[in-house]
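Written below as structure tokens is the structure these notes are about.
Sequential numbering from 1 along the given sequence is applied to the chain's residues. Hydrogens, waters and symmetry mates play no part in the numbers below; they use all other heavy atoms, side chains included. Remember, predicted model here, so these are calculated numbers, not experimental data.
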Amino acid sequence: ATEFLSADVARQFEEMIMGAQHAVPHAHWVRLDRLPELKSNDCFWDFVHMNATGQRIATDALLKDCLSVSLGRSEAPSTSP
């Protein structure tokens, strides 16, 4: 997907995310867009919809992150900013 995002658009996206994080400091943010495993086109049916492989990777990462938070750990290596 990076071939569809210019450096300026990627920067604006990151700035928007940082603004949202600043606006809601107590929210726990999970950045599935940063998972290296989801960088492959093999994880998607099209440009935005995950197939079963992508869904499994995303679900596993989300559950790992939720478990980490529930156990009081502040970071989940695969999804933290």
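In terms of the side chain to side chain contact (heavy atoms under 4.5 Å, CB included) criterion, residue partners of V24 (sequence neighbours excluded) are, by chain and number, A27. Applying the side chain to side chain contact (heavy atoms under 4.5 Å, CB included) criterion to D46, with sequence neighbours excluded, gives V48, H49. Under the salt bridge (charged side-chain N to carboxylate O under 4.0 Å, His left out) criterion, R11 pairs with D8, E15, sequence neighbours left out. Partners of T59 by side chain to side chain contact (heavy atoms under 4.5 Å, CB included), not counting sequence neighbours, listed by chain and number: L63. Applying the salt bridge (charged side-chain N to carboxylate O under 4.0 Å, His left out) test to D33 and every residue at least two apart in sequence or in another chain returns R31.
Sorted by first then second residue, the salt bridge (Lys or Arg N to Asp or Glu O under 4.0 Å) pairs that include residues 47-59, not counting sequence neighbours, number zero.
If you take CZ on F44 and CD on Q55, they are separated by 10.0 Å, rounding to the nearest 0.5 Å. In this structure, CE in M50 is found 6.0 Å from CG in L32, a value given to the nearest 0.5 Å.
Residues H28 and D65 form a side-chain contact, since some pair of their non-hydrogen atoms from C-beta on lies under 4.5 Å apart.
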